[in-house]
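Okay, so here's the structure we're looking at.
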Amino acid sequence: MSKKDIFQKILKKPASVSVEEVARVLEDDSLNEPLFEIANEVRNLYLGKDVYLRGIIEFSNYCRNDCLYCGIRSSNSKVSRYRMSVDEILNTAKFIAENGCGTVVLQSGEDPFYNDEMIAEIVHRIKKLDVAVTLSIGERSFKEYKTWREAGADRYLMRHETADEELYKQVHPADDFNIRKRHLEMLKQLDYEVGTGCIVGLPHQDDLSLAKDILFTYEFDSDMVGIGPFIPHPDTPLGKEKPGSLMKTLKVIALTRLFLPDSNIPATTALGTIDPRGRRLALNCGANVIMPNFTPVSYRPRFTLYPNKVCIFESDAQCGDFRDSIRDLIETAGYKAVESQGFRRRVHENNSRRI
Ligand code: SAH
């Protein structure tokens, strides 16, 4: 079998591909160019040149969790904490809808201050703007997930972070990968579109570990997969570690596209942060979503999951039109920003393996 035959195997019989085979592609840099090329072909075939826009509001940086990599972890006493009011959130959502983004993403640390009723009310009122609503607010109860789904929430983003159980424990000492999986299952059961995803380049993570991430997102049949490089934050226990690499992150994105030809994969902000070409390159090797940041500029520098976040200087209501930066990025990469709500367009299993 020639080295490149693995790509056809992934496309035609993904369930038969082993974790070792995926790891071999990840470690072999002579496969990068053909991998990126075929991932781009698959994306163009299944999804065309459309890029979906998801406007994100980071509405609170309070967090009860203590993830070792994250700048807003509860032990980081240097963070200046903020919470946006319901009115501030709604005004920002309105601005997102007026700017041609078909989805509003509500993201925060795990902040129980926003109880089930508050989130339900926010979701209900944003849905009147005729946009899709995505929640990215961490682990909550089944009852809450259900209330919010009934209030109109369409999607839930909860990265699995790493599918390597030991590594999961190392970076979330009080937690367990199986608990994360149970939450993702609950969301699926409630018929949300569910987003998983991982961080690339965590300390002690190897290619086998990343291969597990890719197979996990395939086996879970993720509707969305967010993949970004690890960026060390100086005020965390991992502050002195090495960042994740651009090339490895692109490879994980491209392989994920081969396993999940019709899922939505963002060109992440973290990728744009480690390299100015990052998001454009991601669009060229399988990604089809961009998440422009609409957090009001007064709060934006305080949502520091990691330092130097690229979007800190992207425009918003106070500083003009985001089109100049993000739309330009999409068009110069050869794609088209669309206003659609951007649901996963499932291709039927029978004709889903067309390459
Ligand atoms: N509380 C929500 C949102 C988390 S923030 C939740 O639990 O889902 C969104 C994502 O940022 C996280 O899922 C994590 O993958 C990523 N992230 C956090 N710190 C990071 C870092 N230092 N480098 C790269 N990505 C990071």
Side-chain angles (χ1 to χ4, degrees), residues 54 56-76 79 81 83 105-114 119 134-140 144-145 148 153 155-164 167-168 171-172 174-175 177 179-181 183-184 186-187 192 194-203 205 210 213 216-217 222 224-246 248-249 252-253 266-275 278 291 293 295 300 302-311:
R54 325 280 208 208
I56 184 163
I57 313 173
E58 298 151 335
F59 66 91
S60 161
N61 67 353
Y62 279 83
C63 191
R64 64 182 170 192
N65 271 353
D66 218 15
C67 309
L68 258 61
Y69 45 82
C70 185
I72 62 165
R73 66 200 300 266
S74 57
S75 311
N76 185 3
V79 181
R81 307 275 171 181
R83 289 187 174 113
V105 181
L106 297 170
Q107 187 167 77
S108 67
E110 286 201 4
D111 184 3
F113 170 86
Y114 298 86
I119 297 287
T134 303
L135 294 174
S136 176
I137 61 179
E139 294 177 9
R140 302 284 286 247
E144 287 170 304
Y145 296 145
W148 303 332
R155 313 194 181 108
Y156 210 105
L157 286 185
M158 190 189 284
R159 289 188 176 181
H160 67 277
E161 313 294 3
T162 169
D164 178 328
L167 182 57
Y168 194 94
V171 291
H172 313 103
D175 231 315
F177 181 56
I179 297 178
R180 193 62 154 193
K181 272 206 298 208
H183 280 269
L184 290 167
M186 286 188 234
L187 294 164
Y192 280 94
V194 184
T196 62
C198 62
I199 305 181
V200 177
L202 285 167
Q205 187 184 44
L210 287 169
D213 287 315
F216 172 75
T217 59
S222 309
M224 309 169 278
V225 190
I227 299 157
F230 165 62
I231 305 176
H233 188 298
D235 302 324
T236 64
L238 305 182
K240 294 203 158 57
E241 301 288 342
K242 274 201 335 257
S245 91
L246 170 70
K248 191 71 86 184
T249 309
V252 177
I253 290 175
T268 51
T269 306
L271 203 48
T273 299
I274 60 158
D275 192 304
M291 301 173 72
N293 193 332
T295 308
R300 208 177 285 189
R302 291 146 84 181
F303 201 83
T304 34
L305 307 172
Y306 45 80
N308 307 317
K309 214 156 118 203
V310 67
C311 57

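As the structure lists them, so they are numbered: ligands from 1, and atoms in each ligand from 1. Here the structure is a predicted model, which means the values were calculated and not measured.
Looking only at protein heavy atoms, the nearest one to atom 21 (C) of ligand 1 is Ile231 O, 3.6 Å. Looking at atom 11 (O) of ligand 1, its nearest protein heavy atom turns out to be Leu305 CD1, 3.5 Å. Scanning all protein heavy atoms for the shortest distance to atom 7 (O) of ligand 1 gives Gly138 CA, 3.6 Å.
In this structure, His172 and Tyr168 have tilted ring planes: the angle between them lies in the 30° to 60° band. Under the 30°/60° scheme for interplanar angles, the aromatic rings of His160 and Phe216 are found to be tilted.
Contacts of Cys70 with ligand 1, taken as heavy-atom pairs under 4.0 Å, involve both backbone and side chain. Only the side chain of Ile199 comes within 4.0 Å of ligand 1, judged by heavy-atom distances.
Which parts of ligand 1 touch Pro229 is read off a 4.0 Å heavy-atom cut-off, strictly below it: atoms 23 (N), 24 (C). Atoms of ligand 1 lying under 4.0 Å from any heavy atom of Gln107, numbered from 1 in the order shown and given with element: 9 (C). Close approach of ligand 1 to Tyr69 (heavy-atom distance below 4.0 Å) involves ligand atoms 18 (C), 19 (N), 20 (C), 21 (C), 22 (N).
Within the 4.0 Å heavy-atom cutoff, Arg180 counts among the residues contacting ligand 1. Contact between Glu161 and ligand 1 is present, with at least one heavy atom of the residue lying under 4.0 Å from the ligand. Within the structure, ligand 1 lacks Gly228 among the residues with a heavy atom less than 4.0 angstrom away.
Counting heavy atoms from C-beta on, the side chains of Arg155 and Arg54 come closer than 4.5 Å.
Neither side chain, Ser108 nor Ser60, offers a donor N or O lying under 3.5 Å from an acceptor on the other. Of the N and O atoms on the side chains of Gln205 and Asp164, not one donor lies less than 3.5 Å from an acceptor on the other residue.
Of the candidates Met158, Arg159, His160, the one placing a heavy atom closest to atom 16 (C) of ligand 1 is Arg159. When the heavy atoms of Tyr306, Phe230, Tyr156 are ranked by distance to atom 26 (C) of ligand 1, first place goes to Tyr306.
Here's the thing with Gly109: none of its N/O atoms is less than 3.5 angstrom from an N/O atom of ligand 1. Residue contacts with ligand 1: Ser108 is placed with a nitrogen or oxygen under 3.5 Å of a nitrogen or oxygen of the ligand (distance criterion only). Checked by distance only, ligand 1 and Ser136 stay at 3.5 Å or farther apart across all their nitrogen or oxygen atoms.
A donor-acceptor pair is defined here as one N or O able to donate and one able to accept, closer than 3.5 Å; no such pair exists between the side chain of Thr249 and the backbone of Gly228. Remark: side-chain polar atoms of Tyr69 are not paired, donor with acceptor, to backbone N or O of Thr236 under 3.5 angstrom.
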Show, in sequence, the C-alpha distance, side-chain angles and deciding distance for Asn308 and Thr273, and conclude whether the side chain to side chain donor-acceptor pair (under 3.5 Å) test is met. CA-CA 7 Å; Asn308 307 317; Thr273 299; over 6 Å; no

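Taking the ring centre of Phe59 as origin, the terminal cationic atom of Arg83 falls outside the region bounded by 6.0 Å and 45° from the ring axis.
Separating the CD1 atom in Ile274 from the OH atom in Tyr306 is a distance of 10.0 Å, to the nearest 0.5 Å.
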